[in-house]
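The structure under discussion appears below in the form of structure tokens.
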Amino acid sequence: MSDIIHLLPDHIANQIAAGEVIQRPASVVKELMENAVDAGAVNIAVNIKDAGRTLVQVIDDGKGMSETDARMAFERHATSKISTAEDLFTLGTMGFRGEALASIAAVAQVELRTRVKGSEVGFSLSIAGSALEDATPAACSEGSVFSVKNLFYNVPARRKFLKSNDAEFRHILTEFERVALVNPAVAFALRHNDATVFDLPASNVRQRISDVFGKSMDRKLLTVDTETSLVAVHGFVSCLEAVRKRGALQYFFVNGRYIRHPYFHRALMQAYEQMIPAGDMPDYFIYFTLDPASIDVNIHPTKTEIKFENEHAVWQIFHSAVRETLAKSNSVPSIDFEGAGLIEMPVFTPSADNSFNVRNPPLTVNPDFNPFKSQPPLLEDLGKARRPTDNWEALYQGFEKEKTSTDDLTDKALFAEVTNTCFQYKNRFIITMLKSGLVIIDQHRAHVRTLYERYMRNINRQCAASQTLLFPEIVELTAAEASILTTMADEMRYLGFDIGCMGGGSYAVHAVPADATGSNPSALVKDALAAATESGVGGVELQIEKIALSLAKTTAIRSGKTLTPEEMDSLVASLFSLDSHGLTPDGLPVLTVLSDEEISRKLSL
């Protein structure tokens, strides 16, 4: 390695720069789809082979390019969107920095076939590793066809770090959905290995959301619609009954561009505050429209982060709009003071109706009771004073003979048997004794730990106990969830699920794990798949662990449930039979021990 400073060759500089824009096949899909939208296309088709490793092809019917424009498009910083620095603050289109096509061509083999509308002949060119290989006139349809083959073929280190095909395809689905949701007037199609994944006709925003995420989404959405001189906010949020523990669909769009914005997310969550349980998340699809001069989109290579000039004011407008939507939809409970349509209830008036013989209940008072006496009357005596004149003694004769007085309780009952007896405290904690002290166990976390170990053991042994449903439960899955289910089909079966494909994104749940018979089958499947999706790039092993943990949390007994002594004994025995019982799989403490020394010290013994 030389210490002398020198200029990098263009092909190496292009490969390095491409790393900021083209991170994986999904980045190619995003850039080419956005370019097609900017070209005015009304029909866009995306064809994928091997999750984009072999081929990413985007076909559009836009305005196309001339030979000169086609050649220039692959040069770095070649763009038709801006001419001066001031143009950066009036942008209304997607790509504008002229990096996407040059970056793609630097790390892949690219073929472009394009024809300008009204032209008789099109143009074809081929580029590999930034080097032009062929450029000739060609017969082709109006619009453009970009074919990106063998991504990262000349950067093996980058190609080696790509994830599995299933993981990479889920990233492609994410980018496809983002572009499709913000352009409902454009028809989109997605095919993977010649199988149709999406075929979305041109529609409105609400219909597009239902087309992408299932017909059941339509009845869960509430409309958000407000316009001010500063910003217009349109879109949809989910009703209170449709919130999720995980896997919520949450999208922000600004001027037709997908963004991530934690500050605005907090505004929406505060609007739902105290209306939904802690940890639940609503779905939302929010579209902001405002003056391009009041935002800066040029702060991130992928343009998913934006700076707002009046961020706090937009926050307040958005928060108020969501609160108003929830109030109008009666999601906020209210009391009807009108009383219209109520059933008339008759009121009893003794003076108006003498058919009833009303008399006050008799009161029995013990005249010997005096709270200031040093020897208060025994409870038995008070009981006799209040006892009715009816002869109830005969009913208790058998019990009186078997009754054990307090004096009969021995140390054996209080201490010797407590080592095998569990007590429940506030319907949340189980208290029992160890040889070294007192142990306090969180019943929910203890059950999560035991169920998780059982589910993982069932997966490893490839066997599980299932409970067949009397009637199959139909669940609608998104394309991403269906992809996860296909990948994890065996693991879901080993957990106890029996799921069959009905076509059109619908699946029938025929059986669920035996421990989950009281749970909603649809929610169980959705939560499990969402947990696998959240595992990110951790691989199949991590996805299996996430699914097992999600299922354990869903089916475990809850805090607040009263347990019988037998249930407590069984749970404690199952917990202590595990090799690891101190923490839940996600690292939360299951139990705590108070040693004899700690108890003595606290009591100053």
Side-chain angles (χ1 to χ4, degrees), residues 1-35 46-58 73-78 95 97-112 125-134 146-176 178 192-193 260 299-305 480 483-484 487 532-544:
M1 181 182 295
S2 173
D3 294 331
I4 300 175
I5 298 175
H6 60 279
L7 292 176
L8 289 172
D10 288 342
H11 68 282
I12 297 179
N14 289 342
Q15 290 179 9
I16 295 173
E20 297 182 359
V21 181
I22 308 303
Q23 301 171 358
R24 52 177 17 110
S27 305
V28 178
V29 173
K30 170 185 178 294
E31 299 292 348
L32 294 183
M33 288 182 68
E34 289 182 347
N35 286 346
V46 182
N47 297 320
I48 305 295
K49 296 285 187 181
D50 300 327
R53 298 171 189 266
T54 303
L55 174 68
V56 173
Q57 185 182 64
V58 176
F74 289 93
E75 297 293 332
R76 295 199 66 79
H77 309 304
R97 293 185 296 197
E99 293 179 333
L101 294 181
S103 298
I104 294 170
V107 293
Q109 298 168 337
V110 182
E111 179 183 339
L112 167 62
L125 60 82
S126 299
I127 299 177
S130 298
L132 180 63
E133 293 186 339
D134 183 50
F146 281 92
S147 300
V148 180
K149 303 175 182 179
N150 300 322
L151 186 64
F152 300 132
Y153 81 101
N154 56 347
V155 193
R158 294 282 303 279
R159 190 176 179 91
K160 180 180 67 175
F161 281 98
L162 291 178
K163 303 305 176 183
S164 67
N165 282 358
D166 293 317
E168 294 297 340
F169 182 63
R170 286 195 295 273
H171 286 289
I172 291 174
L173 283 174
T174 299
E175 297 296 347
F176 181 91
R178 291 173 180 175
H192 184 216
N193 294 335
R260 292 190 296 264
I299 64 172
H300 194 275
T302 60
K303 301 180 287 293
T304 56
E305 298 178 12
S483 175
I484 285 283
T487 306
T533 303
E534 291 174 358
S535 65
V537 297
V540 176
E541 293 78 8
L542 183 57
Q543 289 178 337
I544 293 173

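Reckoned from all heavy atoms, side chains included, excluding hydrogens, waters and symmetry mates. In this text, all values refer to a predicted model and were calculated from it rather than measured experimentally.
- The shortest distance between side-chain heavy atoms of Lys49 and Asn193 falls below 4.5 Å.
- The two residues Ser483 and Asp166 have their closest heavy-atom pair at OG-O, 4.4 Å.
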Quick one, Val58 with Val29, criterion side-chain contact (heavy atoms from CB on, under 4.5 Å). Give me CA distance, side-chain angles, the key distance, then yes/no. CA-CA 8 Å; Val58 176; Val29 173; 5.6 Å; no
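- Taking the side chain as every heavy atom from C-beta outward, Ile172 and Ile48 approach each other to under 4.5 Å.
- Between the NE2 atom in His171 and the NZ atom in Lys163 there is a gap of 9.0 Å [rounded to 0.5 Å].
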side-chain contact (heavy atoms from CB on, under 4.5 Å) for Ser27 and Lys30? Distances and angles first, verdict last.
CA-CA 5 Å; Ser27 305; Lys30 170 185 178 294; 5.7 Å; no
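- Side chains of Ser147 and Gln57: a donor-acceptor N/O pair is present below 3.5 angstrom, by distance only.
- The structure places CD of Glu175 at 9.5 Å from CZ of Arg24, a figure rounded to the nearest 0.5 Å.
- Counting only distance, with no hydrogens or angles, the side chain of His192 and the backbone of Asn47 share no donor-acceptor pair below 3.5 Å.
- Classified by interplanar angle (parallel below 30°, tilted 30° to 60°, perpendicular above 60°), the ring pair Phe74/Phe146 is tilted.
- Judged by distance alone, the side chain of Tyr153 and the main-chain N or O of Gly129 form a donor-acceptor pair under 3.5 Å.
- Interatomic distance, Phe169 CZ to Ile484 CD1, rounded to the nearest 0.5 Å: 11.5 Å.
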query: Would Leu101 and Val110 satisfy side-chain contact (heavy atoms from CB on, under 4.5 Å), going step by step from the backbone distance to the final call?
result: CA-CA 9 Å; Leu101 294 181; Val110 182; over 6 Å; no
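- The structure places CZ of Arg178 at 10.5 Å from CD of Glu34, a figure rounded to the nearest 0.5 Å.
- Taking 4.5 Å as the limit, some side-chain heavy atom of Leu162 sits within range of a side-chain heavy atom of Glu168.
- For the atom pair CZ of Arg158 and CZ of Phe152, the computed distance is 4.0 Å after rounding to the nearest 0.5 Å.
- Here the closest non-hydrogen pair linking Asn154 and Ala106 is ND2-O, 3.0 Å.
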Evaluation steps, side-chain contact (heavy atoms from CB on, under 4.5 Å), between Leu151 and Arg53
CA-CA 6 Å; Leu151 186 64; Arg53 298 171 189 266; over 6 Å; no
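- The CG atom of Asn165 sits 5.5 Å away from atom CG of Asp50, with the distance rounded to the nearest 0.5 Å.
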